There are 2 protein chains.
Amino acid sequence: MPSAMTSALPNIAETSDNGAGCGAPPEIGRQRKRGAELEDAIRGACVAELAELGYGNLTIESVASRAQTGKASIYRRWPTKQQLVMDSVGCLMSGPLMRLTDLEYDDTVTTRDAILDLMVRVGAVMAGAQGDAMRSLMGESLRDEDFSGCFEGDFYDPRKQSLIRLLERGVARGEVRPEAIDEVVVEMIAGAMIHRILIRRQNPTKRDFEQMLDVFIMPAIQPGAAENAAVADKPAVADTACVAEKAETHS
Amino acid sequence: MPSAMTSALPNIAETSDNGAGCGAPPEIGRQRKRGAELEDAIRGACVAELAELGYGNLTIESVASRAQTGKASIYRRWPTKQQLVMDSVGCLMSGPLMRLTDLEYDDTVTTRDAILDLMVRVGAVMAGAQGDAMRSLMGESLRDEDFSGCFEGDFYDPRKQSLIRLLERGVARGEVRPEAIDEVVVEMIAGAMIHRILIRRQNPTKRDFEQMLDVFIMPAIQPGAAENAAVADKPAVADTACVAEKAETHS
DNA sequence: TCCATAAGAAACGCAAACGTCCACTAGAGT
DNA sequence: ACTCTAGTGGACGTTTGCGTTTCTTATGGA
């Protein structure tokens, strides 16, 4: 399990984890779940309720009902709704999404194809109920430090590191210019995906990812793009004050 | 007011509307607001509560208290919380954000600078409390058709049209290749902004916008980018099925 | 088989918010 | 000044969900 996955481009179905919980399916023949099995069921129910109802409409009662358990069993383990939700979503991030940080590719795979593969895999996870659950927390994460820490530290940063690693690999292979090891590359890639999902409410196809990558990203990061390199040396315009600061000055 | 604003690059402070409501400030010396003045105060309070508390925690009582009015006055005009919120946010979109669709630039302004100006202006609005209010509806809009219609039709589409117009202008000036009149350009630009604000919880600076534009966007859309043009002709790979469909097949 | 305890169902008291109603008053118009 | 009515503050009955408690029972381990 901790061994890295080395591959050309593996069949994408292998990495699509369908269980909402973190563990085994329920035992057959028993009326009650206990211990870890119950916790898994509760977390799975929580994620499902999040996906369907959003954070604001999720209640401990609805989670308990869905998990076919009592509220007291939930309160015995998680003192607040927020902690239940954070733990449940944390299992997502340490489960199906975390596996996507372990991908490695053999020498036959170009950097472009490796980045594309990662995009497609992350997109597949985000397209499902698990992605719905995470999206439902987006508003909360803007107002609550615990949630926002979860989003940035547990979700964004590992994905960022994966992509940075691919860029570094690309530099070593001569496919990426060294200055392209920059967070803004990650943001351009992730941003378009997020935008498609959140604002357009569509799931990007692989063809979409290819277009984004081949039209905008690869030309910008590949070696020898003379115009691009010159851009980094552009002198700062005098009017470079932070826009938000200006807007708030006038509030 | 309906006249288009023709400008070089006007002072950005002019387009920063600080009032959360849609009309005049409250009259001095009166104990009670009536009519349109009261409605403006209610809408402003609603937007402020949205920004601070989010949709889920917003109550009619809290809006009434903040607007210094009674619940009955709110219910006389808006039958549900959702309708109050949609109306209040709708005033945002027909106010400060809608003005950003009317910008025109004289011949001295390059397409790059016009796009940059638009990005900076939209970014300034999104950086404030009004942006907070809209962001708080993001989760709801994924689950509710009325909200999502609001987001896409009233927020996204006008912004898209503005950018498409700038691209068309660029084509006429020979600064943009004709195939770049494509929604994905809008998505790349808007996506990076959204990502910075939502996931990173930072407000993009003008310098950020310049980098996104000059490193990724302009090189991809300007004429004569031979690699870029060739990309559009890339044959579809056999494995082009929609990723989300595959993921759900395995659910 | 026995025992300890976690789990489930139901009930409970409480708080908050909803949506409505009522009596009084401020404000606009004549 | 008078009249009409929109607006305000408070009260009201209801609903919902929270967090807790209690009693019974299923389950795992010895």
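Letters A, B, ... mirror the listed sequences (proteins, then strands); counts begin at 1. Here the structure is a predicted model, which is why all the values come from computation and not from measurement.
- Every residue was checked against the salt bridge (Lys or Arg N to Asp or Glu O under 4.0 Å) condition with A/R32, not counting sequence neighbours, and none meets it.
- Take A/R77 and apply the side-chain hydrogen bond (donor to acceptor under 3.5 Å, both in side chains) test, not counting sequence neighbours, and it matches A/E39.
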Considering only nitrogen or oxygen atoms on both sides, find all protein atoms under 3.5 Å from nucleotides 3-7 of chain C and state each distance.
unit_1: C/dA6; atom_1: O4'; unit_2: A/R34; atom_2: NH2; d: 3.1
unit_1: C/dA7; atom_1: OP1; unit_2: A/G35; atom_2: N; d: 2.8
unit_1: C/dA7; atom_1: OP1; unit_2: A/R77; atom_2: NH2; d: 2.6
unit_1: C/dA7; atom_1: OP2; unit_2: A/R77; atom_2: NH1; d: 3.0
unit_1: C/dA7; atom_1: OP2; unit_2: A/R77; atom_2: NH2; d: 3.0
unit_1: C/dA7; atom_1: N7; unit_2: A/R76; atom_2: NH2; d: 3.4
unit_1: C/dA7; atom_1: N3; unit_2: A/R32; atom_2: NH1; d: 3.0

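- Between B/E37 atom CD and C/dA28 atom C1' there is a gap of 13 Å when expressed in whole angstrom units.
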Nucleic acid footprint by protein, nucleotides 12-18 of chain C - heavy-atom cut-off 4.0 Å, B for base, S for sugar-phosphate alone
-----BB

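- For the side-chain hydrogen bond (donor to acceptor under 3.5 Å, both in side chains) test, no residue two or more places apart in sequence or in another chain qualifies with B/N57.
- B/S62 meets the side-chain hydrogen bond (donor to acceptor under 3.5 Å, both in side chains) test with B/E49, B/T59; sequence neighbours excluded.
- Remark: B/R201 engages A/E152 in a salt bridge (Lys or Arg N to Asp or Glu O under 4.0 Å) (not counting sequence neighbours).
- Going from atom CE of A/M86 over to atom CG of A/D144 covers 7.5 Å, rounded to the nearest 0.5 Å.
- Screening residues 51-62 of chain B for salt bridge (charged side-chain N to carboxylate O under 4.0 Å, His left out) gives B/E52-B/R66, B/E61-B/K71 as the qualifying pairs, with residues at least two apart or on separate chains.
- Taking B/D87 as the reference, B/R43 meet the salt bridge (Lys or Arg N to Asp or Glu O under 4.0 Å) condition, with sequence neighbours excluded.
- Distance, B/I42 CD1 to D/dT8 C1': 12 Å, rounded to whole Å.
- Nucleotide D/dT20 holds its C1' atom 14 Å from the CD1 atom of A/I74, rounded to whole Å.
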